[in-house]
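Letters A, B, ... mirror the listed sequences (proteins, then strands); counts begin at 1.
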There are 2 protein chains.
Amino acid sequence: MKVSELAQAGGVTAETVRHYTREGLLHPQRDPQNGYQRYDNESLSRLCFIQCFRMLGFSLGEIKGLLGEAMQENISCSKSQDILANQLPQVRSRIKEFQALSERMDQALEAWRDTPGGVPTGHLVSQLVDDLSQPVIV
Amino acid sequence: MKVSELAQAGGVTAETVRHYTREGLLHPQRDPQNGYQRYDNESLSRLCFIQCFRMLGFSLGEIKGLLGEAMQENISCSKSQDILANQLPQVRSRIKEFQALSERMDQALEAWRDTPGGVPTGHLVSQLVDDLSQPVIV
DNA sequence: CTTGACCTTAAAGTTACCTTCAAGGATATG
DNA sequence: CATATCCTTGAAGGTAACTTTAAGGTCAAG
């Protein structure tokens with residue numbers, strides 16, 4: 001795969017792929033013909049993995065730590081274990097936050113589903129602000 | 001409320017509150033005695049609202065646009081309507097993404113719940129990488 | 001009356017990209 | 001086979017949303 005093919009497959013821009021490559025999260029090979037970066041299916045797996053953990057709030061550095069060892073087939077990925085074990089509570093609570101937010105937004109937006117044209121009125125915008133004006137479960 | 005009291009109530013740092021204030025998303029009053037910023041309960045509502053829409057991928061500028069008009073009690077919040085109406089599809093799809101990610105992470109992490117000590121083994125880390133190595137629904 | 005924890009501002013640093021630049025290779029059309 | 005359009009590279013600069021630093025003012029406790 002060329003850089004923009006991988007980018008399209010993973011739903012990101014070519015620049016983002018290049019960025020991850022610069023930062024050492026992806027390890028493409030060089031095409032000796034033209035010097036282009038060549039990515040394989042493992043790169044795509046890693047790219048998807050990166051997206052998931054970025055959504056969960058992990059930094060690229062942490063993800064690099066996870067990927068660096070996890071993709072090696074050895075059984076004692078102690079570093080990955082440490083990182084994940086430490087972050088697990090935050091991951092779980094972040095998932096809970098997402099779920100809570102999803103439900104609240106779904107409820108808040110449901111009021112619009114039946115408005116004429118599906119366009120919110122000013123009153124409903126204020127209503128949404130009220131609906132969402134409670135602390136996120138932290 | 002002082003800046004760090006509001007920060008604690010909203011689950012962010014004092015610096016984040018100051019940042020939102022600088023950017024015009026919060027409008028505290030000045031304590032004439034000492035020049036400190038004073039925030040009220042509406043500030044807390046706005047802060048919670050900001051958190052929700054930040055999680056949904058809105059920029060501070062967009063949120064400022066929403067808050068600027070939505071908090072006024074007039075009926076024709078046309079700007080807010082425009083912003084929300086335009087972003088509604090993305091909001092919905094982003095909620096779907098969150099839900100999908102939550103389920104996948106829940107499933108992937110469930111394998112750890114029963115491991116000795118609840119600590120993931122290297123094999124399970126690799127397993128997680130495999131489990132998450134599919135494109136997010138875009 | 002000083003120590004420590006809080007507040008203020010402005011400015012610089014950080015993270016994770018995104019955009020732009022110049023130089024050059026690849027592929028399609030006339 | 002020239003020309004246009006697209007792709008590639010590295011390096012550099014820009015941006016958003018914080019975060020940290022610096023230098024100082026405020027305030028309650030001991």
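Screening B:Thr21, B:Asn41, B:Leu26 against B:Leu6 for a side-chain contact (heavy atoms from CB on, under 4.5 Å) leaves a single residue, B:Leu26. Residue A:Arg46 forms a side-chain contact (heavy atoms from CB on, under 4.5 Å) with just one option from A:Leu25, A:Leu67, A:Ile63, and that option is A:Leu67.
Note on B:Arg38: nothing from the nucleic acid sits closer than 4.0 angstrom, heavy atoms only.
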Table please: side-chain donor-acceptor pairs of residues 28-37 of chain B below 3.5 Å, with sequence neighbours left out.
{"unit_1": "B:Arg30", "atom_1": "NH1", "unit_2": "B:Gly35", "atom_2": "O", "d": "2.5"}
{"unit_1": "B:Asp31", "atom_1": "OD1", "unit_2": "B:Gln33", "atom_2": "N", "d": "2.9"}
{"unit_1": "B:Asp31", "atom_1": "OD2", "unit_2": "B:Arg38", "atom_2": "NE", "d": "3.4"}
{"unit_1": "B:Asp31", "atom_1": "OD2", "unit_2": "B:Arg38", "atom_2": "NH2", "d": "3.2"}
{"unit_1": "B:Asn34", "atom_1": "OD1", "unit_2": "B:Tyr36", "atom_2": "N", "d": "3.0"}

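Looking at B:Glu62 and B:Leu66, their side chains never come closer than 4.5 Å, going by heavy atoms from C-beta outward.
Less than 4.0 Å separates DNA chain C from at least one heavy atom of each of the following residues of residues 12-25 of chain A: A:Thr13, A:Glu15, A:Thr16, A:His19, A:Tyr20.
You can see that DNA chain C meets the heavy atoms of chain A within a 4.0 Å-exclusive cut from C:dA16 to C:dA26, reading 5' to 3'.
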Sort me out a list of protein N/O and nucleotides 24-28 of chain D N/O pairs below 3.5 Å, or just none if empty.
{"unit_1": "D:dG25", "atom_1": "N2", "unit_2": "B:Tyr36", "atom_2": "OH", "d": "3.2"}
{"unit_1": "D:dT26", "atom_1": "O4'", "unit_2": "B:Tyr36", "atom_2": "OH", "d": "3.3"}
{"unit_1": "D:dC27", "atom_1": "OP1", "unit_2": "B:Asn34", "atom_2": "ND2", "d": "2.8"}

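Under the rule for a salt bridge (charged side-chain N to carboxylate O under 4.0 Å, His left out), A:Asp40 has no partner lying at least two apart in sequence or in another chain.
Between A:Val3 and A:Tyr39 the shortest heavy-atom distance is CA-CE1, 3.8 Å. Closest heavy-atom contact between B:Ala7 and B:Ala14: CB-N, 3.5 Å.
We find that NZ of B:Lys64 is positioned 13 Å from P of D:dA16, with the value rounded to whole Å.
Ranking D:dT9, D:dA17, D:dT8 by closeness to the A:Gln37 side chain, first place goes to D:dT9.
The CG atom of B:Leu44 lies 10.5 Å from the CD atom of B:Glu42; values are rounded to the nearest 0.5 Å.
Counting only residues at least two apart or in different chains, side-chain hydrogen bond (donor to acceptor under 3.5 Å, both in side chains) contacts with residues 2-16 of chain B comprise B:Thr13-B:Thr16.
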